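Contents: one structure, followed by commentary.
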Number of protein chains: 2
Amino acid sequence: MKSVRSITELREQIQELKSSSHKKTVGLVPTMGYLHQGHASLIRAAKEKSDIVVVSIFVNPIQFGPKEDFETYPRDEKRDLAAAEEAGADLVFLPSVDTMYPKPTKTKIAVAEVTTGLCGASRPGHFDGVTTVVSKLFNIVQPDYAFFGMKDAQQVAVIQQMVFDLNFNVKVVPCPIIREEDGLALSSRNVYLSPEERSQALVLSRSLRETKAAIENGEIRTAREARELLVNKISESEIAVIDYVEVASFPELLTLEDGQPIMEREEPVLMALAVKFGRTRLIDNCLLSPKGE
Amino acid sequence: MKSVRSITELREQIQELKSSSHKKTVGLVPTMGYLHQGHASLIRAAKEKSDIVVVSIFVNPIQFGPKEDFETYPRDEKRDLAAAEEAGADLVFLPSVDTMYPKPTKTKIAVAEVTTGLCGASRPGHFDGVTTVVSKLFNIVQPDYAFFGMKDAQQVAVIQQMVFDLNFNVKVVPCPIIREEDGLALSSRNVYLSPEERSQALVLSRSLRETKAAIENGEIRTAREARELLVNKISESEIAVIDYVEVASFPELLTLEDGQPIMEREEPVLMALAVKFGRTRLIDNCLLSPKGE
């Protein structure tokens, strides 16, 4: 009998006892389907890092609020399968709602603090739904790596926190935002946009880009100035309705106080936006690494 | 590329892709230490069912209320290691609080409904602490089986619910209550009892045994009669202070209404007690399987 005190040592000992000679690694890309090039980039990143790539496609009802778009969320299984195959997936998991929730779940995973601001404030219960379904997928697939897009930066922070707190044996790999040539961040919800809204929505990426430049060239310095500049630039679109404009530490997601300088910090700073165009709510963000990392 | 819709098929496919030729099974016995013959019986059950037996010993601070006995909970590592070895453990995991909680956890797992009655009512937050630490242990050890004593029947129900809802790839194995020859259910907390309290505490197992007999021989029939008989019998001890006396469905843990007959049901019925003797709170229970299973 052996006794151990550290988590790493325990896992190594169990692996050794199990003595699987050649262990293949599994990468998971959890999606809600309607795959676009953002998802494809996650699948390619997974392919590069792991032996087996599993893509899950599941529109998770419990992360949608009662007035949100669960019913109308775009779905196209046939196209998704082709896109997953082309990007290099080995296995696609397409569970029904009944497969994932044979009975209404009595168990919920809640992450505190990182879920209070940003989308967590506008979408109560949303992140409990996300962490609950992601933990189910982790338990089902038991991946070594899981790949998430940085477009949902708060989701990345929340899942990293859950993985840390619950000791999931999974490495979360955040992947860069993929954009259209004109700057619009890819999103399955972009299909909701009318041509006019689609064109106005460019104000999101533009405001982030220009504010970042203004910070980097020293025109503005504090969190308050950054928020003001972002709000002003977004307001150039007459149909944009701001849900939030936030400047916060990452991954803690603590709001920077008005006077705090953005570029003289240890931690990265996230500038994040949620804005409605017509009935469509879009999010976008930009991560600033003050020390140039 | 393959696509699958069922959880079982996905897990099989991943296993096949990983192609581990000979997979050894792991059994986990999570404990808070101060091992007694109840724990030993769990370890022996684990040994019988799995190739590798992991015993965890961790007094989990987040499942204790502020006025409970976290600080004074009995601990004896040296004796525990000998007991684990003797019962057949292969690996003992003895993490420090700092190993399990390097930072205060922001993530909590909460199971609704099954946690509202019984100990859940008397110990608010207790089961969130239990499910959170058990999920951490499941993620750390990744066992095939996990063994829990039926003395904490509600704990068994709560963990089974969590495993079901979150798709943990773990089979929960409930094991029978182990008793002293005179009937007292084994508990690490029995060491707190004075000789007088120890002797009075026999009223717990006796009241359960006699009520069970009264139900089986038809003297009493309804949930209300069972509760009354239990309360009367416990009250034969002058120092017994009842926390709860409950008659509920198992594993749903819904209180049986007063008039409901106990023996004409599909589901098993749990008679459960929590009673204080001096400063020591003891629990005991008896599971009735109406259809004789």
Side-chain angles (χ1 to χ4, degrees), chain A residues 1-7 10-11 13-14 17-24 26 51-52 54 81 84-85 88-96 99-103 105-115 131-132 135-142 161-162 164-170, chain B residues 1-7 10-11 13-14 17-24 26 51-52 54 81 84-85 88-96 99-103 105-115 131-132 135-142 161-162 164-170:
Chain A
M1 187 183 84
K2 281 187 182 175
S3 59
V4 298
R5 290 179 197 279
S6 93
I7 292 169
L10 178 70
R11 283 184 164 144
Q13 287 288 336
I14 292 171
L17 285 166
K18 284 182 145 185
S19 68
S20 55
S21 50
H22 175 65
K23 194 181 171 282
K24 287 190 179 168
V26 174
D51 300 313
I52 304 156
V54 180
L81 286 173
E85 171 110 65
D90 295 297
L91 260 174
V92 179
F93 180 43
L94 307 124
S96 68
T99 295
M100 291 297 277
Y101 303 106
K103 295 178 186 176
T105 183
K106 293 179 182 171
T107 307
K108 286 274 174 77
I109 299 186
V111 178
E113 297 177 38
V114 268
T115 56
T131 44
T132 302
S135 78
K136 285 165 71 72
L137 290 168
F138 283 0
N139 287 335
I140 291 167
V141 175
Q142 297 184 268
Q161 185 68 46
M162 174 183 80
F164 177 83
D165 283 337
L166 296 183
N167 302 93
F168 275 105
N169 201 8
V170 177
Chain B
M1 186 182 86
K2 282 187 183 176
S3 58
V4 298
R5 291 179 196 279
S6 92
I7 291 169
L10 179 70
R11 282 182 166 145
Q13 286 289 337
I14 291 172
L17 284 166
K18 283 181 147 187
S19 68
S20 55
S21 49
H22 176 65
K23 193 181 173 283
K24 288 191 178 167
V26 174
D51 301 313
I52 305 157
V54 180
L81 286 173
E85 171 111 62
D90 296 296
L91 259 175
V92 180
F93 180 44
L94 308 125
S96 67
T99 295
M100 291 298 277
Y101 303 107
K103 295 178 186 174
T105 183
K106 294 180 183 172
T107 306
K108 286 274 175 74
I109 299 186
V111 178
E113 298 177 37
V114 269
T115 55
T131 45
T132 302
S135 79
K136 285 165 71 72
L137 290 168
F138 283 0
N139 287 335
I140 291 168
V141 174
Q142 296 182 269
Q161 185 68 46
M162 174 183 79
F164 176 82
D165 284 336
L166 297 184
N167 302 92
F168 275 105
N169 202 8
V170 177

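Scope of the values below: all heavy atoms of this structure, side chains included, with no hydrogens, waters or symmetry mates. Please read these numbers as outputs of a predicted model, since none were measured by experiment. Note on naming: letters A, B, ... go to the chains in the order of the sequence lines (proteins, then strands), and numbering restarts at 1 for each one.
- The side chain to side chain contact (heavy atoms under 4.5 Å, CB included) test with B:Asn139 singles out one residue from A:Asn169, A:Val170, A:Asn139, and that residue is A:Asn139.
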Go through the steps to decide whether B:Thr107 and A:Thr131 satisfy the test side chain to side chain contact (heavy atoms under 4.5 Å, CB included), and finish with yes or no. CA-CA 10 Å; B:Thr107 306; A:Thr131 44; over 6 Å; no
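- A:Lys106 contributes no side-chain N or O that, together with a main-chain N or O of B:Asp165, makes up a donor-acceptor pair within less than 3.5 Å.
- The most heavy-atom pairs under 4.5 Å with chain B, out of A:Met100, A:Glu85, A:Lys103, A:Met162, come from A:Glu85.
- Note: A:Leu166 leads A:Thr105, A:Thr115, A:Leu166, A:Val111 in heavy-atom pairs under 4.5 Å with chain B.
- In terms of heavy-atom pairs under 4.5 Å with chain B, the best-connected choice from A:Asn167, A:Thr99, A:Leu81 is A:Asn167.
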Could you go through A:Lys108 and B:Ile109, starting from their C-alpha distance and side-chain angles, then the distance that decides it, and tell me whether this counts as side chain to side chain contact (heavy atoms under 4.5 Å, CB included)? CA-CA 6 Å; A:Lys108 286 274 174 77; B:Ile109 299 186; over 6 Å; no
